[in-house]
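One structure is given here, and the rest of the page talks about it.
Only heavy atoms go into these numbers, but all of them, side chains included; no hydrogens, no water, no symmetry mates. Just so it is clear, the model here is predicted, and its values are computed rather than measured. Proteins come first, then strands; the chains are lettered A, B, ... in the order of their sequence lines, and each starts at number 1.
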Amino acid sequence: MRLDSHFYQRDVLEVAPDLLGKTLVRKFESGDELRVTITEVEAYRGTDDLGCHASRGITERNRVMFAQGGLVYVYLIYGMYWMFNVVTSVETDPQAVLVRGVTCADGPGKLTRLLAIDKSFYGEDLVTSSRIWIEDTGVVPSFITTPRIGIDYAGPYWSKVPWRFLMST
DNA sequence: GGGACGATTGAA
DNA sequence: TCAATCGTCCCA
């Protein structure tokens, strides 16, 4: 069953771990569906979080983070990889979950390549989209947490907050 | 208008 | 350890 807006419009620290074990579905124009299980995510939370793109205020790139939960936030990194994020919480509260890993693709850049996700998905609504959405599976996997990856620039506190969630079963 | 820099990856 | 590669952001 497809996750609805209530699932997404909660605090990112609740949504992020809840996304583990869920099924990310990508439906192509050909009609083929690629279904993968989310295994690794990271939470980015508000303007105080120096690791979060929203920490420097609203910009052209991050504006969708300030919209309601359930929308897709996609951006290009290192000039070659698209990062797939799920916006959470409510309007004006900028939060997002970076999906870092799924079954069949063990990295954020690899999974967007596998699922053919690019800038055209910016602002896509996971609640109503016909080409990408997330389904509940009824499975509640156990998980572990670690600091987030690749954000040393965020300083000693924010670079070490244990907001990376990894499925452990 | 110009320069620095990534929420990464894969090869040396 | 290091290059690839370019849109975004910030300063001038």
| field | Residues from residues 43-71 of chain A lying under 4.0 Å of DNA chain B - heavy atoms | value |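 Heavy-atom cutoff 4.0 Å gives A/Tyr44, A/Gly51, A/His53.
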Tell me, please, which residues at least two apart from [X] pass side-chain hydrogen bond (donor to acceptor under 3.5 Å, both in side chains).
| X | result |
| --- | --- |
| A/Tyr8 | none |
| A/Ser129 | A/Glu124 |
| A/Arg35 | A/Glu33, A/Glu135 |

| request: Could you list who else is in A/Leu166's hydrophobic cluster, with ILVMFWY side chains joined at under 4.5 Å, directly or through other members? | output: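 Result for A/Leu166 is A/Ile144.
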| message | Starting from A/Val140 and following side-chain heavy-atom contacts under 4.5 Å between hydrophobic residues (I, L, V, M, F, W, Y), which residues can be reached? | response |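 Members alongside A/Val140: none; it stands by itself.
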Within-4.5 Å side-chain heavy-atom neighbours: [X] and [Y]:
| X | Y | result |
| --- | --- | --- |
| A/Leu24 | A/Ile132 | yes |
| A/Asn62 | A/Tyr73 | yes |
| A/Thr103 | A/Thr39 | yes |

| message | Work out how far the C1' atom of C/dG7 is from that of B/dG10, and round it to whole angstrom. | response | 22 Å
| Do any pairs count as a salt bridge (Lys or Arg N to Asp or Glu O under 4.0 Å) and have a residue in residues 16-30 of chain A, sequence neighbours left out, and if so which ones? |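 Residue pairs passing salt bridge (Lys or Arg N to Asp or Glu O under 4.0 Å), neighbours aside: A/Arg10-A/Asp18, A/Lys22-A/Asp136.
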| field | Sequence neighbours excluded - salt bridge (Lys or Arg N to Asp or Glu O under 4.0 Å) pairs with any residue from residues 91-102 of chain A | value | A/Glu40-A/Arg100, A/Glu42-A/Arg100
Measure all distances between protein nitrogen or oxygen atoms and nitrogen or oxygen atoms of nucleotides 2-4 of chain B, and list the pairs falling under 3.5 Å.
none

| request: Using atom CG of A/Leu76 as one end and atom P of B/dC5 as the other, report the distance to the nearest whole Å. | output: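 Computing the A/Leu76:CG to B/dC5:P distance gives 18 Å.
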| What is the distance from CG of A/Leu166 to C1' of B/dA7, rounded to the nearest Å? | 14 Å
| request: Using the ring pair (Phe, Tyr, Trp, His ring centres under 6.0 Å) rule, collect all pairs that involve residues 110-155 of chain A, keeping only residues at least two apart or in two chains. | output: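 For residues 110-155 of chain A: A/Phe143-A/Phe165.
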| Think A/Lys119 has a side-chain N or O under 4.0 angstrom from the OP1 or OP2 of C/dC6? | no
Under-3.5 Å N/O pairs linking protein and nucleotides 8-10 of chain B:
unit_1 : atom_1 : unit_2   : atom_2 : d
B/dT8  : OP1    : A/Arg100 : NH1    : 3.2
B/dT9  : OP1    : A/Pro108 : N      : 3.1
B/dT9  : OP1    : A/Gly109 : N      : 2.8
B/dT9  : OP1    : A/Lys110 : N      : 3.3
B/dT9  : O4'    : A/Tyr81  : OH     : 3.1
B/dG10 : OP1    : A/Arg113 : NH2    : 3.0
B/dG10 : OP2    : A/Lys110 : NZ     : 3.3

| Under a 3.5 Å cutoff on both atom distances, Watson-Crick or G-U, what's the dot-bracket for DNA chain B ([ ] crossing, | other strand)? | ||||||.||||.
| field | Neighbour count above 12 (heavy atom, 6.0 Å) for A/Arg2 CZ | value |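 Yes, the 6.0 Å shell around CZ holds more than 12 heavy atoms from other groups.
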| Nearest heavy-atom neighbours spanning A/Ala43 and A/Val12 | CB-CG2, 3.8 Å
